[in-house]
2 protein chains.
Amino acid sequence: MKISHFSPGLFVLLLTISTFAVSSRAETGYDAWLRYEKIDDASIQRDYDKSLPAVVVTLGRTEVAQSAQNELIRGVRGMLGRTLRIETALPDENAVLLGTFDEIKKAVPTFNAPADLKEDGFYLKTVSVAGHRVLIITAPNEHGVLYGTFTLLRKMSLQEPISMLDEMENPYAPVRIINQWDNPNGTIERGYAGRSIFWEDGHVVKDLKRARDYARLLASLGINGCSINNVNADPHAIDSEHVAELARVAEAFRPWGVKLFVCINFGSPKSIGGLDTFDPLDPRVIDFWNKKVDAIYAAIPDFGGFIMKADSEGELGPSAYGRTHADAANVVGRPLKAHSGIVFYRGFVYNHHADWRNLKLDRARAAYDNFHQLDGKFDDNVIIQIKNGPIDFQVREPASPLFGGLEKTAMAIELQITQEYLGQQRHLCFEVPMWKETLDFDLHARGANTPVKALVAGKVFGQPTGGIAGVANVGLDTNWLGHPLAMANLYGFGRLAWNPDLSSEQIAREWTKLTFGHDPQVVRTISDMQLDSWRTYENYTGPLGVGGLTDIIEVHYGPGIKSSEGNGWGQWHRGDTHGIGMDRTVATGTGYTAQYHPPVSDRYESLKTCPDELVLFFHHLPYDYVLHSGKTLIQHVYDSHYEGVEQVQKFVEQWESLKGKVDEQRYNETLALLEYQVGHAMEWRDAVCQWFFKMSGIPDQYHRVNNDPNRIEAESMKLDGYEIFDVKPWETASGGKAIRIVSADGHGSASFNYTGKPGWFDLAVQYYDQTNGVSQYKLFVAGQKVDQWLADDLLPSRNVPSLPNGHTSTRHTVHGIALRPNDEIRIDTIADGGEKAPIDYVEIEPASH
Amino acid sequence: MKISHFSPGLFVLLLTISTFAVSSRAETGYDAWLRYEKIDDASIQRDYDKSLPAVVVTLGRTEVAQSAQNELIRGVRGMLGRTLRIETALPDENAVLLGTFDEIKKAVPTFNAPADLKEDGFYLKTVSVAGHRVLIITAPNEHGVLYGTFTLLRKMSLQEPISMLDEMENPYAPVRIINQWDNPNGTIERGYAGRSIFWEDGHVVKDLKRARDYARLLASLGINGCSINNVNADPHAIDSEHVAELARVAEAFRPWGVKLFVCINFGSPKSIGGLDTFDPLDPRVIDFWNKKVDAIYAAIPDFGGFIMKADSEGELGPSAYGRTHADAANVVGRPLKAHSGIVFYRGFVYNHHADWRNLKLDRARAAYDNFHQLDGKFDDNVIIQIKNGPIDFQVREPASPLFGGLEKTAMAIELQITQEYLGQQRHLCFEVPMWKETLDFDLHARGANTPVKALVAGKVFGQPTGGIAGVANVGLDTNWLGHPLAMANLYGFGRLAWNPDLSSEQIAREWTKLTFGHDPQVVRTISDMQLDSWRTYENYTGPLGVGGLTDIIEVHYGPGIKSSEGNGWGQWHRGDTHGIGMDRTVATGTGYTAQYHPPVSDRYESLKTCPDELVLFFHHLPYDYVLHSGKTLIQHVYDSHYEGVEQVQKFVEQWESLKGKVDEQRYNETLALLEYQVGHAMEWRDAVCQWFFKMSGIPDQYHRVNNDPNRIEAESMKLDGYEIFDVKPWETASGGKAIRIVSADGHGSASFNYTGKPGWFDLAVQYYDQTNGVSQYKLFVAGQKVDQWLADDLLPSRNVPSLPNGHTSTRHTVHGIALRPNDEIRIDTIADGGEKAPIDYVEIEPASH
């Protein structure tokens with residue numbers, strides 16, 4: 001048989017499309033925003049049939065050029081059901097022509113390349129050649145041709161006209177990179193969607209299909225780099241055995257123009273280099289890095305470079321030898337430079353053994369304090385990668401002042417796509433509006449109009465490079481990020497990395513159309529939900545800039561309000577019976593506000609001008625302090641938490657309105673997650689409100705907090721085989737207590753008599769669903785079993801002791817139960833393993849319809 | 001923990017509904033017409049919320065009564081999201097009250113049971129008791145209460161009003177039974193949906209969940225009996241070991257009021273009884289059957305009885321001892337009588353070694369000839385089970401004359417739900433309109449108005465019992481029958497068994513609403529497709545009553561026109577170069593028409609009155625014979641086959657119009673099946689048309705037959721590694737020939753150059769997809785690979801040699817290919833096992849959009 005001149009990629013693709021494989025057509029989320037769904041609208045289809053030529057000519061011969069051509073064929077085949085003809089030269093008919101400026105110029109001498117296109121930018125232009133219409137996709141380099149091709153396909157997916165094109169796009173910044181925090185053992189630090197697509201058992205996985213498909217997704221957004229291991233790096237990731245494995249990943253990325261990056265451990269010269277030092281100024285260390293870099297480039301000629309976390313949270317760093325971050329960054333950066341490689345040096349450096357009793361200490365100061373003084377000391381292929389805010393991906397932080405504090409040093413802003421502190425992909429939280437606030441925030445670093453996006457792109461102070469980095473942490477879950485709606489964050493990140501001027505609304509609508517189709521109700525509803533979701537999450541977790549009020553020690557998920565206090569981690573909110581908030585003013589606090597340029601520093605310094613939404617980030621205030629809104633601080637806390645829960649309840653209703661308009665699988669998956677979110681949002685609300693009430697002693701003016709007439713505490717029920725215990729922290733149980741099984745046979749029963757009026761009700765059981773067991777619950781009403789379920793969820797996300805607390809609190813609601821006075825309501829349970837069928841309370845509410 | 005008084009069934013049900021199990025909510029077809037989908041229409045929901053009481057009271061304590069109550073709770077919970085309260089006595093509020101007449105009368109002394117309700121009938125009546133509205137579901141027996149409950153739930157699923165009910169239903173006939181032709185080894189005779197739900201490895205399966213759920217489906221239609229083994233019965237099915245296993249099946253059926261029946265082998269006294277005879281008049285044989293029946297009833301007190309196929313197709317029978325069918329039926333029937341058991345004796349008795357050269361012989365006569373003379377000799381618990389037509393489930397047959405030939409013998413009509421000769425659940429074929437034609441056919445057995453349905457129900461001659469039997473053959477496939485639309489046949493069978501006066505249209509619409517919801521376009525489109533499908537199947541297979549033209553020897557699926565001829569099976573159509581059709585007239589033929597009463601006999605005897613659609617069943621005619629329609633016979637054959645294919649192509653378009661309106665899984669499964677059906681319908685059309693053309697020598701007046709200008713025969717292509725061979729039978733390949741790989745390395749290539757005009761085309765490859773290998777096919781156009789696929793289908797359905805023929809012919813269409821003159825079109829293949837990548841032809845047609 002003759003060998004086809006096609007790439008294996010196309011072979012796989014066509015196999016998928018053409019075989020009798022029903023399952024491959026299902027909407028699993030795997031195809032993300034590249035579904036290329038058949039265009040059903042007959043008039044649009046006719047229009048494209050007419051305006052799109054039948055022939056594609058690709059002038060480049062590289063893998064990236066072939067990817068562009070294959071993608072165009074794939075997309076058109078999906079959307080129009082037609083396979084473009086491949087020709088090697090312009091035919092005597094209309095054609096799509098793909099090539100770099102130089103290539104196009106040779107084929108179409110009359111073509112004039114626009115002068116203002118930058119690296120990776122592209123130009124879509126319809127021209128007439130010998131009486132035929134030629135749709136040119138061109139760019140200064142082959143990556144731009146690929147990005148232009150994806151852009152044409154996106155236009156078609158969005159059903160925009162393509163008949164006469166004349167448009168140009170440049171990326172906002174050269175650096176558009178993804179970080180994956182995958183560990184060589186296959187786990188993912190802060191990953192919530194299954195195990196690593198790159199690693200298993202200490203090695204790169206054999207089948208790199210997922211890696212290839214991931215690179216394609218990234219390329220479709222213009223992302224050109226990806227690191228694949230945890231910033232808390234295993235030094236062995238770059239030993240000689242693993243370099244050969246990394247080369248395989250680079251090979252999987254290469255057709256999509258995605259460069260491979262690797263996180264390194266600064267102690268490598270010692271741990272894998274056989275040296276007795278990793279002092280960056282030691283010649284042997286310099287020699288180690290030179291040789292290591294050369295070895296990597298010998299295996300991976302287009303290697304992107306390193307990412308380094310040093311002197312942070314226990315990672316080794318230059319301080320061990322009294323050296324600076326600049327010494328550290330430069331010693332690894334210099335050998336990279338010869339290969340056009342770069343090093344991302346993380347600005348996330350702080351003392352995590354700080355004295356919490358010292359009111360002048362402030363972790364928020366750390367990045368600026370550490371790096372501002374070194375401005376100018378870094379080589380020009382060193383990029384300081386700075387988190388959006390000064391703490392650590394909290395639900396609301398001000399922009400890091402360091403973006404305005406480096407004028408001679410290249411920067412990248414680090415955004416977190418994976419929802420570490422934002423609900424871990426169990427909660428809906430569309431991060432684009434949050435990122436936009438930071439990117440658009442004017443730091444007045446050189447007068448007005450110096451938004452963060454311009455600073456990191458080097459547009460204000462003229463640094464040679466810079467841009468945007470995102471921590472994605474996709475996993476082996478079929479839909480990449482676990483929650484069917486979470487991929488909007490990866491999409492939004494990529495779109496903003498390419499063009500941070502896009503609005504949140506546009507991104508949400510684009511993503512929804514590409515992911516769920518064009519039904520106007522679907523587009524409007526899902527976009528609305530996404531756009532409301534971050535502020536909703538903020539509402540029921542931690543408002544006014546106080547931080548997430550999350551358990552910060554390990555899991556970063558459920559409420560754990562005092563976990564921030566009394567330790568060296570520095571995420572202090574200083575909440576006590578008198579008030580709450582970090583005083584970061586120059587006048588009376590840590591002086592952090594001075595890290596900003598005026599007038600920003602003044603705005604934050606003064607209570608008169610500090611915006612409500614960040615007031616507790618900058619100021620310590622009494623609970624009865626009156627906000628600009630006119631509400632007291634405490635009432636705002638109460639109100640926002642009740643509002644937040646109502647908003648999540650509305651998400652469920654909004655989603656339910658899409659039944660039959662969204663495919664069944666994604667509909668059901670999303671609905672189940674939203675229903676879970678309601679229950680966990682209630683846990684959040686109640687934990688925060690009862691904690692604030694206890695601290696402040698100030699009651700809710702609407703009498704909601706600690707006043708739940710429809711709630712029956714488990715500890716007040718008639719118990720059999722159960723004991724009452726104190727939940728820790730206390731605020732993560734209603735009333736601080738719950739019940740757990742203590743009987744020898746593991747069976748328990750808790751009951752009470754209904755005393756209300758007859759009617760239809762929903763019965764909610766708030767219980768704790770731990771990882772270390774699958775307890776059984778059965779609910780009886782007047783002797784009739786009305787429901788049963790298993791506590792088979794895996795909470796929390798990390799491999800830490802799974803206990804009854806804010807991470808595991810879960811709500812199970814049984815709808816439509818007819819209650820009559822004196823009905824016995826009884827829960828019969830069976831414990832399993834370490835999970836003792838714990839119950840917090842039962843809530844009885846009028847039936848929801 | 002206390003023991004709940006609930007049945008295990010409810011436990012399983014509630015687990016399914018309430019756990020976080022996304023997959024269980026998917027539309028897999030498992031729930032069939034009992035989906036109890038949440039009612040989305042708010043006004044209807046409000047209406048039901050108002051009209052349906054919150055309480056259910058079930059007066060009966062039997063398993064069947066509990067099933068009724070559980071089903072009501074399940075259905076209401078599904079549709080309204082409410083769990084009815086169970087009370088043990090009428091409460092001081094509105095209630096649904098379930099009970100038999102006697103039970104209701106005790107609870108509501110004012111209640112008057114209607115006098116005209118028969119066994120299994122039911123009464124739905126809203127009454128006022130002590131100022132409360134009570135919805136009574138009552139019946140003479142508990143089965144009727146169950147059927148009434150299912151009827152109430154069906155009304156709600158159909159969104160009909162239920163606020164003030166006053167309606168009564170009686171079943172049309174007492175016998176409403178399903179036959180499953182499952183073999184103890186787990187295979188199913190003529191089953192097309194996976195292995196047996198009852199048997200595996202010679203034993204009843206351990207997990208009888210599927211059996212329980214099947215009984216529930218049957219009960220929902222009022223079916224009250226089910227046999228679970230092949231009529232070609234293994235005698236060991238009733239040995240003592242297996243009786244204990246059968247008892248487990250009976251236990252699974254019992255809560256749903258479905259009685260277990262078993263097929264017996266008439267030779268059992270010898271094969272498992274240790275006797276040297278099975279002579280029905282031998283006292284030892286009588287003793288054997290007496291003891292066997294007693295042993296079965298000892299294990300299964302509500303055992304239904306036996307089904308027996310004797311003296312047919314090689315099965316042992318009374319003829320071995322010169323005894324009659326009555327002797328045979330009565331010897332097993334008599335011991336059953338004491339337990340109210342019955343025996344179904346199959347009327348499907350014929351000589352399958354008949355002399356095909358004898359033009360006076362006629363298999364159609366056999367049932368009547370065998371049984372008519374015995375009328376009056378059968379005990380009254382013997383039911384003669386008679387296939388709808390005189391041959392064997394062909395696509396069109398006249399009603400069996402035997403229905404009019406037994407006046408003193410109970411009868412059941414045997415309908416075949418499994419699509420043995422009707423496309424084996426790969427083709428859409430809704431059988432209800434076909435069944436209706438037979439059921440409603442007036443045999444004039446005692447003057448006018450003696451339709452088959454009335455005869456078999458005993459309404460004409462007053463037999464004590466009778467009714468309807470259906471061969472269903474559901475299997476382990478999740479959706480029971482394989483094709484997502486095939487369950488309409490099981491539903492339709494059950495509905496007709498209960499009430500044969502229902503129209504096909506009503507049944508189709510009901511089933512569609514229950515199965516796919518209430519979207520008017522969905523209901524209309526699917527109902528239309530179903531209602532057109534039988535005549536469509538007839539059109540492209542065998543019209544004018546000639547029979548299916550199917551290969552009758554083993555598989556009963558694809559075309560095999562001469563397989564009916566030249567052998568003893570008696571499915572002769574007598575087609576040759578002069579004409580075709582069986583002369584069954586009294587005047588010149590087999591005299592079969594005389595088995596009918598006048599005027600039916602006269603109508604069929606005379607060509608003047610014999611309807612076109614059955615003309616070749618009754619008459620042998622020359623090809624140029626002019627039908628009542630004005631067309632010649634031969635042109636009718638051509639036209640109907642081309643029409644049939646066009647109708648299937650329309651099914652695809654109709655189905656595609658439902659995209660997004662039908663859940664993804666069932667949409668995709670059905671679309672793939674319909675696309676397959678188009679290709680196989682074309683195979684049928686071409687086989688039949690070219691065979692008739694060769695026989696008749698008369699060309700198609702529209703020049704379609706043997707004239708395919710867009711078709712390139714494989715045997716005319718440039719071949720590499722391939723040889724040309726004669727396909728058997730010849731008509732199952734275009735031009736009688738195809739190609740198969742002969743190269744040593746198993747690689748092949750077939751190519752030709754395109755000579756037409758440029759444009760967009762669909763390329764169809766007609767090939768043979770056998771069971772004994774998975775060949776690979778790759779299609780190249782001008783060197784560009786445009787598709788590839790695997791021949792991984794499993795054809796034919798039986799374990800016989802899988803060869804390139806009418807069973808395996810399969811079409812793969814590649815849409816939207818741009819062809820230019822002189823393009824080389826090439827298929828590169830790899831053979832696998834016994835499947836030598838055979839190809840029949842390539843067809844090039846203008847692109848379908």
Side-chain angles (χ1 to χ4, degrees), chain A residues 1-2 4-6 10-11 14-15 18-20 22 25-27 40 45 49 54-55 77 80-86 93 517 659-661 663-665 668-669 672 676 747 749 758 760 778 780-790 792-793 812 814-818 820 828 830 847 849, chain B residues 1-2 4-6 10-11 14-15 18-20 22 25-27 40 45 49 54-55 77 80-86 93 517 519 659-661 663-665 668-669 672 747 749 758 760 778 780-790 792-793 812 814-818 820 828 830 847 849:
Chain A
M1 197 176 63
K2 291 172 193 163
S4 153
H5 66 272
F6 278 85
L10 183 59
F11 186 93
L14 291 175
L15 190 67
S18 63
T19 53
F20 189 86
V22 166
R25 301 196 217 170
E27 294 286 9
D40 282 335
Q45 194 182 48
D49 281 351
V55 170
R77 180 160 172 154
L80 303 181
R82 297 185 161 188
T83 300
L84 297 177
R85 279 177 76 84
I86 298 171
E93 60 179 290
K659 186 166 186 198
K661 293 170 182 290
D663 54 282
E664 196 174 31
Q665 179 172 338
N668 285 336
E669 281 176 12
Y676 165 83
H747 286 58
S749 182
W760 286 105
K778 292 178 195 166
F780 296 83
V781 172
Q784 176 178 358
K785 184 166 67 192
V786 295
D787 204 0
Q788 67 177 40
W789 67 97
L790 299 174
D792 57 358
D793 206 347
H812 182 88
V814 188
H815 295 272
I817 300 295
R820 302 291 179 264
D828 286 353
I830 307 176
H849 87 258
Chain B
M1 199 174 64
K2 290 171 195 162
S4 155
H5 67 273
F6 278 84
L10 183 62
F11 188 93
L14 291 174
L15 190 67
S18 62
T19 52
F20 190 87
V22 166
R25 300 198 219 170
E27 294 285 9
D40 282 335
Q45 196 182 49
D49 282 351
V55 170
R77 181 161 170 154
L80 303 181
R82 295 187 163 187
T83 300
L84 297 178
R85 278 177 78 81
I86 297 171
E93 61 178 289
D519 181 308
K659 189 169 182 194
K661 293 171 182 291
D663 54 283
E664 196 173 34
Q665 179 171 339
N668 285 336
E669 282 176 10
H747 285 58
S749 184
W760 285 105
K778 292 177 193 167
F780 296 84
V781 172
Q784 177 179 356
K785 184 167 64 192
V786 295
D787 204 0
Q788 66 176 41
W789 67 98
L790 299 174
D792 55 359
D793 206 347
H812 181 87
V814 189
H815 295 273
I817 300 296
R820 303 292 179 261
D828 286 352
I830 307 177
H849 89 257

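Reminder, nothing fancy here: chain letters follow the sequence lines and each chain counts from 1.
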**Request:** Sort Lys661(A) into side chain, backbone, both or neither according to what part of it lies under 4.5 angstrom from a heavy atom of chain B.
**Result:** neither
**Request:** Using the test salt bridge (charged side-chain N to carboxylate O under 4.0 Å, His left out), find all partners of Asp40(A) that sit at least two apart in sequence or belong to another chain.
**Result:** none
**Asked** At their closest point, which heavy atom of Ala818(B) faces which heavy atom of Arg85(A), and how far apart are they?
**Response** O-NH1, 2.8 Å
**Residue of the set Lys785(B), His815(B), Gln784(B) for which side-chain contact (heavy atoms from CB on, under 4.5 Å) holds with Thr83(A)** = Gln784(B)
**Asked** Does Val786(B) offer a backbone N or O that forms a donor-acceptor pair with the side chain of Arg77(A) under 3.5 Å?
**Response** yes
**Complete:** CD of Glu664(A) to CD of Glu27(B), rounded to nearest 0.5 Å, is 5.0 Å
